[in-house]
Protein chains: 2
Amino acid sequence: MLKISTRCRYGLLAMVELGQCYGQAPVSAQEIYKKQRVPKFYLQQLLVKLRRNGLVESIRGTRGGFVLKKDPKTIKILDIVKAVEGPVQLISCTKQSRDKCCSKIKECLTRPVWVELHEVVNRVLSERTLHDLMR
Amino acid sequence: MLKISTRCRYGLLAMVELGQCYGQAPVSAQEIYKKQRVPKFYLQQLLVKLRRNGLVESIRGTRGGFVLKKDPKTIKILDIVKAVEGPVQLISCTKQSRDKCCSKIKECLTRPVWVELHEVVNRVLSERTLHDLMR
DNA sequence: TAATACTTGACAAGAATAGTCATATATAGT
DNA sequence: ACTATATATGACTATTCTTGTCAAGTATTA
């Protein structure tokens, strides 16, 4: 059904929250999950992934929290999705991953639709930045 | 990860096969799964769904099989995906299903991306027909 | 040193995916 | 009428993914 996962939704919510406070004091995980009503421990997990992918920085201790590591204008939505979910790979037979292709790639009449879908999704997520979502 | 399911892939493969023989003799499930190397019983299930959704017609008995019920030019890829998987619903807060929305729809800063993604996917799948995939 | 906050890694329930199978029914050809 | 071929239906199952939870540890500030 191609449903957007909660991982994606919560991850982006968190990033938007951090975006709103860009340049200011760090925002704690607690502030985010209270404001956005997302599960505490689940959110923590996602924040760790965002940190490991270089999107946010964590500051430990009292008055600590998370801050964006880059300007919201330079953060693509795709970067965020990739960070919490891994690559957005609608099919395995793309140019990027030739190895996983089935052997009938050339004769495959259905492939063009899936490729187009794959490309269009990645394009939309690449064109929009975190900044575009903020007011 | 928004991966295309095998349901979708196999369903479309089957429809393309039937499309190739449109106007000719019925194609048996066996012919399809042998040619496309998809699991026999799984394919049967998908064909039943395609029939129940009015995309194909089944003919029982010897020399039976399946035929398209409509011209490939009038069958949208979206119709096929819907038949085997149900509606393509990337998020639950769309215009179509207001009821399932969260209460914060107006303040939700992340929603626009998901809506755009939802629309773009549905548009691509609606614009392409089965005929477009055939040579 | 107490309180706050992130870190790490393991664990688990539930749903979805992918696929199987037995039994029944229908039809064509002989 | 009989047989071989084909679909119909519904139940069943293994595996994976999703969506979390939790405990114990580390770091920092006031």
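Numbers restart at 1 for each chain; the letters A, B, ... are given by sequence-line order, proteins then strands.
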Between atom CZ in B:R37 and atom C1' in C:dA18, what is the gap in whole Å?
19 Å
Along DNA chain D (nearest heavy atom to each residue), the more 5'-positioned of A:T62 and B:T62
B:T62
Interatomic distance, B:R7 CZ vs C:dA16 P [rounded to whole Å]:
10 Å
Rounded distance (Å) that lies between atom C1' of C:dG19 and atom OH of B:Y33
14 Å
NA contact type, A:Q44, heavy-atom cut-off 4.0 Å: base, sugar-phosphate, or nothing?
base
With a 4.0 Å cut-off on heavy atoms, is B:R51 in touch with a base, just the backbone sugar-phosphate, or nothing at all?
sugar-phosphate
Starting from the 5' end of DNA chain D, give me the residue, A:K40 or B:Q30, whose nearest nucleotide shows up first.
B:Q30
Please report the shortest heavy-atom distance between A:N122 and A:V88, naming the atom on each side.
ND2-O, 3.3 Å
Rounded distance in Å - CZ (A:F41) to P (C:dT8):
16 Å
NA contact type, A:L47, heavy-atom cut-off 4.0 Å: base, sugar-phosphate, or nothing?
nothing
Rounding to a whole Å, what distance do you find between A:K3:NZ and C:dA15:P?
12 Å
Take B:K40 and B:Q44 through the test side chain to side chain donor-acceptor pair (under 3.5 Å) and record every step on the way to the result.
CA-CA 6 Å; B:K40 176 178 178 177; B:Q44 284 278 13; over 6 Å; no
When the nearest nucleotide of DNA chain C is assigned to B:T6 and to A:G61 on a heavy-atom basis, which residue is associated with the more 5' position?
A:G61
With the side chain defined as heavy atoms from C-beta on, B:Q45 is closest, among C:dT7, C:dT27, C:dG19, to C:dG19
Measure CG/B:L46 against C1'/C:dT20 and give the value in whole Å, please.
13 Å
Strictly distance-based, threshold 3.5 Å: is any side-chain N or O of B:Q36 a donor or acceptor partner for the main-chain N or O of B:V38?
no
So where does chain B start and stop touching DNA chain D, 5' to 3', when the test is distance under 4.0 Å to a non-hydrogen atom?
D:dA4 to D:dA11
Touch check for A:R52, heavy atoms < 4.0 angstrom, all strands: base, sugar-phosphate only, or nothing?
sugar-phosphate
Name the residue closer to the 5' end of DNA chain C, choosing between B:Y42 and A:G65 according to the nucleotide with the nearest heavy atom.
A:G65
Kindly write out the residues that satisfy side chain to side chain contact (heavy atoms under 4.5 Å, CB included) with A:Q45, not counting sequence neighbours, or none if the list is empty.
A:Y42
Please report the distance, rounded to the nearest Å, between CZ in A:R60 and C1' in C:dC6.
5 Å
So that I can tick it off, tell me whether A:E127 and A:K76 are bridged by a salt bridge, with the cut-off set at under 4.0 angstrom between side-chain N and carboxylate O.
no
Enclosure of B:K70 NZ (heavy-atom neighbours >12, cutoff 6.0 Å):
yes
Passes side-chain contact (heavy atoms from CB on, under 4.5 Å), B:L130 versus B:L68? Steps please.
CA-CA 11 Å; B:L130 186 55; B:L68 290 190; 3.8 Å; yes
